[in-house]
S.K.: 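The structure follows.
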Amino acid sequence: RTAEAGGLSDERRAAPSSARAPAGGGRAATGGVTVIWSVVRPSQKTLRLWQAMVLVAVFVFWYAMTTPGLIPPIMFENDRQAAFFFGEPIKIFARIWSWFITDHDIYAHLWVTLLETVLAFAAGTIGGLIIGMWLALSPTAGAIFDPYIKALNSMPRVILAPIFAVWFGLGIASKVALGFTLVFFIVFFNVYQGVKEVSPTVLASARMLGASRNQLLRHVYLPSATSWVFSSLHTSVGLAFVGAVVGEYLGSSRGVGYLILQAEGSFDINTVMAGILVLTAFALVLDWAVGRVETHLMKWQPRAGETEKL
């Protein structure tokens, strides 16, 4: 009995240590996960990493859903229909590589599309800024032209593309005109609203200090409108590309939109997707350039981290 009791006592003493072992291992694993998460959790330092992870996840999902035989068909009758409708990422990137590296046959088309986009973007921005400032600072002129501005804005601009093709021909001018109409109204209404939102207290203080009309325009109205202008330019970049590509669809012999149209005619979805990716990439580059200019000109505004969080 004494031996048995001693054995039971030894087992009881050993049991807690063995029971505690998994708990210690679990805490170590949890601590490791916590450390890793503290390093890679979303923050200003890891922002680019998370953006890259989202992009990779999208392309991995795209590849998995469109590669024949990799996943059983879910929405289609066979595993090749998804690739026909959505394209295959590997072939799409191969097409882009061929355009830029192997054949070098996209540069002439890309130059035309970018030129149309930049001209439309610049003309629409300058026109919207000037007309918006003029009508906002001239109440009489604003009241006269108000119904006509609203009428033109309510018109679907895409239907103007054939008219511009008749007026300006099938060259660059018709695409720039279409892009101008898309960019102009966004910038115009933002500038108009920005000038109208100037604080009366700021205006009264500037006038009390003896500010002239030109000084009010330079130091009060323009800074107020600038923040509204840049908020609209990020949207206008995409619309300038839309104007150029739609114009190339309706009639052109050059441009990325022309390449996409030719690929659609032969049901080459991979080339279509490649053209879309190229346009998206250059739209992001132009948007980045606008952001850099905005950062340089809007130094007086508080940064995102300096604003109060709700």
Side-chain angles (χ1 to χ4, degrees), residues 116-158 160 163-164 167-168 173 175-244 286-304 306-307:
E116 296 165 351
T117 300
V118 172
L119 290 177
F121 180 74
T125 300
I126 295 173
L129 179 62
I130 294 175
I131 303 300
M133 292 284 293
W134 172 49
L135 295 184
L137 296 175
S138 303
T140 302
I144 293 173
F145 289 100
D146 179 69
Y148 302 103
I149 293 292
K150 292 180 178 178
L152 292 175
N153 182 52
S154 63
M155 182 185 305
R157 258 83 76 186
V158 176
L160 297 175
I163 299 176
F164 289 149
W167 289 354
F168 305 112
K175 286 75 174 177
V176 173
L178 180 59
F180 172 85
T181 61
L182 295 173
V183 174
F184 170 82
F185 288 99
I186 293 180
V187 177
F188 167 81
F189 284 111
N190 277 272
V191 171
Y192 186 86
Q193 190 65 28
V195 174
K196 290 295 185 181
E197 291 291 330
V198 173
S199 173
T201 304
V202 175
L203 285 175
S205 301
R207 290 192 178 102
M208 287 178 61
L209 294 173
S212 63
R213 182 177 178 85
N214 290 334
Q215 290 174 328
L216 287 175
L217 179 64
R218 179 180 177 183
H219 298 290
V220 178
Y221 288 113
L222 278 178
S224 175
T226 301
S227 59
W228 289 77
V229 169
F230 280 107
S231 67
S232 67
L233 292 186
H234 293 285
T235 304
S236 302
V237 168
L239 292 179
F241 270 100
V242 170
L286 187 55
D287 182 76
W288 171 83
V290 171
R292 296 291 294 179
V293 175
E294 179 182 9
T295 303
H296 178 72
L297 295 180
M298 307 293 289
K299 291 180 179 179
W300 54 272
Q301 276 193 334
R303 292 177 296 180
E306 299 174 352
T307 57

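From a predicted model like this one, the values you see are computed outputs, not experimental measurements.
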S.K.: Would you compute the distance between atom CG of Leu286 and atom NE2 of His234 and round it to the nearest 0.5 angstrom?
M.R.: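 Rounded to the nearest 0.5 Å, the CG-NE2 separation comes out at 10.5 Å.
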S.K.: Mind checking whether Phe188 and Asn153 have side chains closer than 4.5 Å, heavy atoms only?
M.R.: no
S.K.: Is there a side-chain contact between Phe164 and Phe180, using heavy atoms and a 4.5 Å cut-off?
M.R.: no
S.K.: Can you measure from NZ (Lys150) to CG (Asp146) and round to the nearest 0.5 angstrom?
M.R.: 4.0 Å
S.K.: Can you see which heavy atom on Phe145 is nearest to which on Leu135, and at what distance?
M.R.: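 Where Phe145 meets Leu135 most closely, the heavy atoms are CD1-CD2, 4.1 Å.
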S.K.: Is a side-chain donor or acceptor of Asn190 paired with a backbone partner of Ile186 at a separation under 3.5 angstrom?
M.R.: yes
S.K.: Ignoring hydrogens, what is the shortest heavy-atom contact between Pro147 and Ala143? Give both atom names and the distance.
M.R.: CD-O, 3.8 Å
S.K.: If I take atom CG from residue Asp287 and atom CZ from residue Phe241, how far apart are they, to the nearest 0.5 angstrom?
M.R.: 10.5 Å
S.K.: Please give me the minimum heavy-atom distance between Lys175 and Ala244, naming the atom from each residue.
M.R.: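 Nearest pair, atom of Lys175 first, then Ala244: CG-O, 3.7 Å.
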S.K.: Could you pull out the closest heavy-atom pair between Leu119 and Val176, with the gap in Å?
M.R.: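 The answer is CB-CG2, 3.9 Å.
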S.K.: Rounded to the nearest 0.5 Å, how far apart are CD1 of Ile130 and OG1 of Thr125?
M.R.: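 Reported to 0.5 Å precision, the distance equals 11.0 Å.
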S.K.: Search all heavy atoms of Tyr192 against all heavy atoms of Gly132 and return the closest pair with its distance.
M.R.: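 For Tyr192 versus Gly132, the nearest heavy atoms are CD1-O, 3.9 Å.
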S.K.: Please find the pair of heavy atoms, one from Val187 and one from Ser236, that lie closest to each other, and give the distance.
M.R.: CG2-OG, 3.9 Å
S.K.: Taking atom CZ as the centre, does Phe168 end up with more than 12 heavy-atom neighbours from other residues, nucleotides or ligands that are less than 6.0 angstrom away?
M.R.: yes
S.K.: What is the distance from atom CG of Leu129 to atom CZ of Phe184, rounded to the nearest 0.5 Å?
M.R.: 10.5 Å
S.K.: How long is the gap from CG on Leu182 to CG on Leu160, to the nearest 0.5 Å?
M.R.: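 It comes to 9.0 Å.
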S.K.: Kindly indicate whether the side chain of Leu233, heavy atoms from C-beta on, has any atom under 4.5 Å from the side chain of Val293.
M.R.: no
